[in-house]
Amino acid sequence: MHPSSKLLKKIDSPADLKRLGRSELPDLAKEIRKTIVDVVSTSGGHLASSLGAVELGIALHYVFDTPTDKILWDVGHQTYAHKLLTGRRDRFPTLRRHGGLSGFTKRSESPYDAFTTGHSSTSISAGLGIACAKRLKKDTSKVVAVIGDGSLTAGLAYEGLNQTGDTHKDKDLIVILNDNEMSISQNVGALSSLLSRTFSASRLQVMRKEFGEFLKSLPRIGENMYQLAKRSEESFKTFVTPGMLFEAFNFEYFGPIDGHNLDHLIDILNNIKKMDEPVLLHVITKKGKGYRKAEQNPVYFHGVGSFDVDTGICRKSSSTVPSYTDIFGKTMVDLAKENEKVIAVTAAMPEGTGLVPFSKAYPDRFFDVGIAEQHGVTFAAGMASEGFRPVVAIYSTFLQRAYDQIIHDVCIENLPVVFALDRGGIVGEDGPTHHGLFDISFLRTIPNMVVMAPKDENELRHMLATAVAHDGPIALRYPRGRGTGAELDDAFSPIPIGRAEILSHGDDLLILAVGSMVSEAVCAAALLAENHHVQATVVNARFIKPLDRELIGAQARRHRYVLTVEENTVQGGFGSAILELLNDAGIKDVAVRRLGINDQFVEHGPQDLLRGKYQVDASAIINAALEMKDSPGLEFKGASVG
Ligand SMILES: Cc1ncc(C[n+]2csc(CCOP(=O)(O)OP(=O)(O)O)c2C)c(N)n1
Ligand SMILES: CC(=O)[C@@H](O)[C@H](O)COP(=O)(O)O
Ligand SMILES: [Mg+2]
């Protein structure tokens, strides 16, 4: 904590905050910002969003009686001030570390975290659910949902607004729109331009105040003129502010006001708190507020690794190995050059998915749909139905939101949509809401879908070329982070669909690995041979669907022991597909062990630590092989019978 945090160190709960005078709050905001910058510069995190929500956090906990009154923070990535004010100041340096504070709100972490978040646009729905539950319990405490302008581009948010505004049942929900004109990148969509058409809050306030004073000063007619002007201001406002949109949902709309002006915030929240109907307060904030480097580059400082506070430069690793994301982005540009039908779709994450180079090279063939994964998939299906080759680049975890669209709009019609799933596997510090640990299971069950995973960044290129050439739905999933350092072939050579490859031969054990686990399997096989005289055959399955039934069946018949490895849930994953194959092929006399995440959510922490803990790395493969070797009645005896 910053040594000069005289005020913050006195705050162990919002009750302590309430003891401060309003005049002390700006200094508290400064201390909170310093603490956030200090900690995030060391541990990484969502800096810009949290810096922009400092006054909001202070004002909300100053006005409302939390945790009885509930505050829900959409996405939850902007909650570092909220955490510092709600009894987590001393633990704040553990932010995003294994066993430390989550980078998002998490119900099990604090009673002040009203809802567990990480995926966007859930706060209004969850907030309304809580508000309706409170009403049934005759509990008159308040519910506030804080949602960003980016998160308001998701359809889910409107589903929540729509029900809230339904007048059949009284609903008492406060929605605060935290409008900084940014998603991760510049915000997109019609709503964003409507929101950004507002006058700058300060100018509007000054105009309104001066004009009102003038009218009231007019002798005799002043008050009437003031009331007339006020009414006309309402109609004026509806043209320049998005009030009309929210009022269409039966919300009382207030704003836009300056979301960094604590006095304004506290005054208006005190008024709004007394209302018992749906209210939307529109606040204007600056993403990165208070740290110039982040104000100047909120995209870079949206999610940042450790950095030097003075220069704002991230402490990069010395490795020169490109990330899977970089290779994907470069390959997309290469493919688009060869094939004018290739288009790219992202759901508000051009940087994270590596599509910025594509967006610059082919702006007409690049589509950022906003945080709207469901829409993005169906939008891509529409384009595919017209002969294009859409590549939908979405993190594995965020694609979960569009499961029906994949089935209903893409696979039933067998449309050629490519799903490029970045962050497939354990992602690290973002934790359970962000690990991509289900895509192999939820995709392989869909008819017409092809599912593959490259062993390295070179195979990613060939797989992407394969995908774009494939005349039907196809998905490739690859991990967060750097590749293996594999050499990149100059030319693409599309891989025959359903074709695996044997990487090494050994009679004792058959290791079937997919994606990021192939390099782990190769490493494990070498160590098993060198240190334990266990000879393993390693197969890079490449395809989870369709499996290479011929090659895998033949190899399974030649081995007594089979180990499958995947960075995915074991339930319904690659290992399950292998069990199904063996069963269908009548291959019975093999002992199969499936390595993967075993029916649990994975907490946040460093990728490698979590891979070790959850048995998806080379040492886990070695241990599993040795356990099989030493298990009673099972011994490795060279070439297996049969
Ligand atoms: C369903 C889903 N898609 C994508 C993301 C990735 N994501 C995290 S924050 C963010 C932008 C949110 O913008 P906004 O709500 O305006 O918050 P700000 O960062 O501007 O404070 C995105 C796209 C996500 N968390 N959830
Ligand atoms: C909050 C959110 O959902 C995104 O910012 C996410 O944290 C990005 O993840 P990467 O850091 O893997 O791009
Ligand atoms: Mg925003």
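Start at 1 and go down the list; that is how both ligands and their atoms are numbered. Values below: every heavy atom of this structure, side chains too, minus hydrogens, waters and symmetry copies.
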Atoms of ligand 1 less than 4.0 Å from H302 heavy atoms?
9 (S), 19 (O)
With atoms numbered from 1 as shown, which atoms in ligand 2 lie under 4.0 angstrom from a non-hydrogen atom of H302?
5 (O)
If you have a sec, work out which protein heavy atom is nearest atom 9 (O) of ligand 2 and how many Å separate them, to one decimal?
D430 OD2, 3.4 Å
Can you list the atoms of ligand 1 that are under 4.0 Å from a heavy atom of S49?
18 (P), 19 (O), 21 (O)
Across all chains, not counting sequence neighbours, the salt bridge (charged side-chain N to carboxylate O under 4.0 Å, His left out) partners of K360 are none
Min side-chain heavy-atom separation L17-L25 under 4.5 Å
yes
For atom 13 (O) of ligand 1, what's the nearest protein heavy-atom neighbour? Residue, atom name and distance, please.
S183 CA, 3.4 Å
Against ligand 2, does H434 come closer than 4.0 Å with any heavy atom?
yes
Is it the case that the side chain of R461 and the backbone of T331 share a donor-acceptor pair, with hydrogens and angles ignored and the cut-off at 3.5 Å?
no
Protein contact to atom 5 (C) of ligand 1 [nearest heavy atom, distance to 0.1 Å]:
F398 CZ, 3.4 Å
Which residue owns the protein heavy atom closest to atom 1 (C) of ligand 1, what's the atom, and how far is it?
R401 NH1, 3.3 Å
Nearest neighbour in protein (non-hydrogen) for atom 10 (P) of ligand 2:
R423 NH2, 3.5 Å
Look at ligand 2 and say whether V427 reaches it with a heavy atom at a distance under 4.0 Å.
no
Counting heavy atoms only, which of H119, Q78, H46, H77 comes nearest to atom 17 (O) of ligand 1?
H77
Side chains of V309 and K293: closer than 4.5 Å at any heavy-atom pair?
no
Is there a side-chain contact between L85 and L28 in this structure, where contact means two heavy atoms from C-beta onward sitting under 4.5 Å apart?
yes
Tell me, which protein residue and heavy-atom name are nearest atom 13 (O) of ligand 2, and how many Å apart are they?
Y395 OH, 2.6 Å
Does F104 have its ring centroid less than 6.0 Å away from the ring centroid of H46?
yes
If we set the cut-off at 4.0 Å for heavy atoms, which region of H119 has an atom near ligand 2: side chain, backbone, both, or neither?
neither
Heavy-atom proximity to atom 10 (C) of ligand 1, best of I394, I147, I184:
I184
For salt bridge (Lys or Arg N to Asp or Glu O under 4.0 Å), just list the numbers for K83 and E109, CA-CA rounded to whole Å, side-chain angles, deciding distance to a tenth of an Å, and then say yes or no.
CA-CA 10 Å; K83 291 190 179 227; E109 184 177 287; 2.6 Å; yes
Element-labelled atoms of ligand 1 that are located less than 4.0 Å from some non-hydrogen atom of N180:
18 (P), 20 (O), 21 (O)
Closer than 4.0 Å to some heavy atom of G148 - which atoms of ligand 1 meet that?
14 (P), 15 (O), 16 (O)
I'd like to know if the side chain of E31 reaches the main chain of L8, judged simply by a donor and an acceptor atom lying under 3.5 Å from each other, with no hydrogens or angles considered.
yes
Using the six-membered ring wherever Trp is involved, compare the ring planes of F398 and H119 and label them parallel, tilted or perpendicular (cut-offs 30° and 60°).
perpendicular
Provide the number and element of each atom of ligand 1 under 4.0 Å from a heavy atom of D149.
16 (O)
For H302 together with H77, are the ring centres under 6.0 Å from each other?
yes
Could you tell me whether R480 and ligand 2 have an N or O pair separated by under 3.5 Å?
yes
Between T117 and T433, is there a side-chain heavy-atom distance shorter than 4.5 Å?
no
S120 heavy atoms within 4.0 Å reach ligand 1 at atoms 1 (C), 2 (C), 24 (C), 25 (N), 26 (N)
Answer with yes or no whether G118 contacts ligand 1, where contact means a heavy atom under 4.0 Å from a ligand atom.
yes
Within less than 2.8 Å of the Mg ion (ligand 3): protein N, O or S atom count
3
Over 60° means perpendicular and under 30° means parallel, so tell me whether H61 and H82 are parallel, tilted or perpendicular.
parallel
List the residues meeting salt bridge (charged side-chain N to carboxylate O under 4.0 Å, His left out) with D113, not counting sequence neighbours, and say none if there are none.
R88
My understanding is that only one of V144, V143, I147, V146 makes a side-chain contact (heavy atoms from CB on, under 4.5 Å) with L72; could you say which?
V143
Under 4.0 Å from one or more heavy atoms of M182, ligand 1 contributes atoms 13 (O), 14 (P), 16 (O), 20 (O)
Tell me: protein heavy atom nearest atom 14 (P) of ligand 1, and distance?
G150 N, 3.5 Å
among protein heavy atoms, the one nearest atom 8 (C) of ligand 1 is V75 CG1, 4.0 Å
For K142, is there any backbone N or O sitting under 3.5 Å from a side-chain donor or acceptor partner on D69?
yes
Check ion pair E567-R611 (N to O, under 4.0 angstrom)
yes
closest protein heavy atom to atom 4 (C) of ligand 2 is H46 NE2, 3.8 Å
Which residues share a salt bridge (charged side-chain N to carboxylate O under 4.0 Å, His left out) with K287, sequence neighbours left out:
none
Can a donor-acceptor pair be found, under 3.5 Å and without considering hydrogens, that links the side chain of R315 to the backbone of F307?
yes
Could you tell me, atom by atom, which parts of ligand 2 come under 4.0 Å of a heavy atom of F398?
3 (O)
Which ligand 1 atoms are under 4.0 Å away from a heavy-atom of I371?
2 (C), 3 (N), 4 (C), 11 (C), 12 (C), 22 (C), 23 (C)
Decide yes or no for Y80 and L51: does some side-chain heavy atom of the first lie under 4.5 Å from some side-chain heavy atom of the second?
no
Identity and separation of the nearest protein heavy atom to atom 3 (N) of ligand 1:
E373 OE2, 2.7 Å
